[in-house]
Amino acid sequence: MNHLSDRALASAAKLILTGLAALLAGCRQPGPAPAPVTARWPVMSTVAELSLPVGATNLPRLQPIVAGCFDAVENRLSFFRETSDIARINRQAGTGIPVAVAAGTADVLAQALSVARESGGAFDPTVAPLMRLWGFRGGVTNLARPAHEALGGTLALVDWRQVTLVVTAAPPHAAVHLARPGMELDLGGIAKGYAVDQAYDALLREGCSVFLVNLAGNMRGRGAPAAGRRGWRIGIRDPLQVQAGAWLGTLTLEDGEALATSGNYERFVVVEGERVPHIIDPRDGQPARGLISVTVLAGSALEADALSTALFVLGVDQRRTVLRAHPGCGAVYLTDTRPPRLRVTPELHGRFRPAPGWKTAVEWVD
Ligand code: AMP
Ligand code: MG
């Protein structure tokens, strides 16, 4: 996904040749439009972008501020960095020793646990042992489906209710403990959204009023990139088309809104000849089924990120409890059916504009 303009299309087309198609594709919009200025850089094994309005000159000053926010979040929340809060918590699982963590870590974890509760465990920040079992997160890529016993044993380690988060007025202020040895936290479904919110707040503190932050499709915008626009118009990538500029449709981010997409097409392993997406349903230990992607519009990037992962697991029919807990959030689902359908929730009426090729596939759900 990207904000849309003619020049963005041209520059994106070049970058796609360098293999960054998933993130950087642009799109044509009616009439000539000057492009916003954009910085792109690698972070967290993916690509980050900061876009500022046409003619902005402060990109060199602001980009390091955003990059600094992303690095700080990665240092604290990375699953792999030994010194991160998450790695330290995981090493003490089942020991009875609570691990002191930064206030920010406690905040993300608290929000992850709320979404876990709202979603009946479809979103679960303790999903890591299942990720390993299916060959992600440093697990062995099995090539065969996990045996019944292995699945049962692993499922016993995945339970957000066995996470204790204690927040106190006195130091250390926040401490976390996982009840059973072998349990592990994995905030991969929420951390990028949190990082984008951190960058958003930092840019506001700098007095910046028009910008778009994008971390691997987790986006949050402020203001509009050019006069006469309502906000940042974002193309939702069509994962069934390989060429650049193929969109399911567009959504315009108005002040402070955020967008995130979870999909089965970017990260996966192949097990018994079948693609297994990197989102697992913790309720049965199986890879989430039924959808190709889900895009969520929300009031913050953390909310969009967590909800897109949760809704990818829950599917269209089980979404209500989660969406009710997050008023104003809406979703565009691309179903894994033949032919695929675009199912859109009512909150996005008048907001989601399907691309011409997708108009007849749209179904507004109640
Ligand atoms: P996203 O791309 O935001 O949907 O996040 C996918 C990442 O979330 C995966 O790479 C895992 O780290 C993590 N994850 C996978 N399944 C779940 C789940 N059911 N609940 C919470 N996090 C998950
Ligand atoms: Mg997510």
Side-chain angles (χ1 to χ4, degrees), residues 1-43 46-67 69-70 192 196 199-200 202-204 206-239 241-261 295 297 301 304 351-357:
M1 292 193 292
N2 206 347
H3 56 87
L4 310 178
S5 70
D6 286 337
R7 254 194 276 158
L9 175 68
S11 66
K14 274 184 224 139
L15 282 158
I16 283 155
L17 295 175
T18 68
L20 300 176
L23 288 170
L24 305 177
C27 183
R28 191 170 293 274
Q29 63 183 13
V37 290
T38 297
R40 299 188 177 98
W41 67 101
V43 62
T46 177
V47 180
E49 290 183 343
L50 170 64
S51 299
L52 298 176
V54 178
T57 54
N58 48 356
L59 194 61
R61 186 175 71 82
L62 296 174
Q63 185 274 340
I65 293 171
V66 173
C69 290
F70 292 167
K192 291 192 182 76
V196 167
Y200 179 90
L203 289 169
L204 290 189
E206 290 296 317
C208 193
S209 55
V210 185
F211 58 85
L212 178 73
V213 180
N214 178 7
L215 178 56
N218 294 273
M219 302 180 151
R220 193 165 177 198
R222 176 93 180 181
R229 304 239 190 111
R230 290 176 68 91
W232 292 86
R233 187 157 59 126
I234 310 295
I236 303 172
R237 185 183 155 217
D238 179 348
Q241 300 291 322
V242 284
Q243 77 267 30
W247 308 100
L248 298 175
T250 61
L251 273 164
T252 297
L253 294 183
E254 296 175 15
D255 264 351
E257 286 181 333
L259 204 65
T261 298
T295 297
L297 180 77
R351 302 285 310 266
F352 175 67
R353 307 207 175 283

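Atom set for the values below is all heavy atoms of this structure, side chains included, hydrogens, waters and symmetry mates excluded. Not measured: the values here are computed from a predicted model.
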Please give me the minimum heavy-atom distance between [X] and [Y], naming the atom from each residue.
{"X": "E257", "Y": "T252", "result": "OE1-O, 3.7 Å"}
{"X": "D255", "Y": "G223", "result": "OD1-N, 2.7 Å"}
{"X": "P225", "Y": "G231", "result": "CD-O, 3.3 Å"}
{"X": "I65", "Y": "A202", "result": "CG2-CB, 4.0 Å"}
{"X": "A304", "Y": "L259", "result": "CB-C, 4.0 Å"}
{"X": "W247", "Y": "A355", "result": "O-CB, 3.1 Å"}

Just how far is it from atom [atom1] of [X] to atom [atom2] of [Y], taken to the nearest 0.5 Å?
{"X": "I234", "Y": "M219", "atom1": "CD1", "atom2": "CE", "result": "4.5 Å"}
{"X": "L50", "Y": "C208", "atom1": "CG", "atom2": "SG", "result": "7.0 Å"}
{"X": "L253", "Y": "R351", "atom1": "CG", "atom2": "CZ", "result": "7.5 Å"}

Point to revise | Residues R353, R233; criterion side chain to side chain contact (heavy atoms under 4.5 Å, CB included); working and verdict | key: CA-CA 10 Å; R353 307 207 175 283; R233 187 157 59 126; over 6 Å; no
Practice item. Go through T261 and R237 one step at a time and tell me if the side chain to side chain contact (heavy atoms under 4.5 Å, CB included) criterion holds. Key: CA-CA 9 Å; T261 298; R237 185 183 155 217; over 6 Å; no
Review point. Pick from L62, L212, V210: which one makes a side chain to side chain contact (heavy atoms under 4.5 Å, CB included) with L52?
Key: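 Option passing the side chain to side chain contact (heavy atoms under 4.5 Å, CB included) with L52: L62.
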Review point. Can you check side chain to side chain contact (heavy atoms under 4.5 Å, CB included) on L203 and R222, steps first, answer last?
Key: CA-CA 10 Å; L203 289 169; R222 176 93 180 181; over 6 Å; no
Review point. Where the side chain of N214 meets the backbone of A48, is there a donor-acceptor pair that is under 3.5 Å apart?
Key: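 The answer is no, because no donor-acceptor pair under 3.5 Å joins these two groups.
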Check your understanding: Within a strict 4.5 Å, meaning less than it, do heavy atoms of the L248 and T295 side chains meet?
Key -> no
Review point. Does the side chain of F70 reach to within under 4.5 Å of the side chain of V213, using non-hydrogen atoms?
Key: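 Contact flag for F70/V213 side chains = yes.
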Check your understanding: Checking salt bridge (charged side-chain N to carboxylate O under 4.0 Å, His left out) against E254, which of R220, R230, R229 comes through?
Key ->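 Per the salt bridge (charged side-chain N to carboxylate O under 4.0 Å, His left out) rule, the option paired with E254 is R230, out of R220, R230, R229.
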Review point. Is there a side chain to side chain contact (heavy atoms under 4.5 Å, CB included) between N58 and F211 once you walk through the steps?
Key: CA-CA 11 Å; N58 48 356; F211 58 85; over 6 Å; no
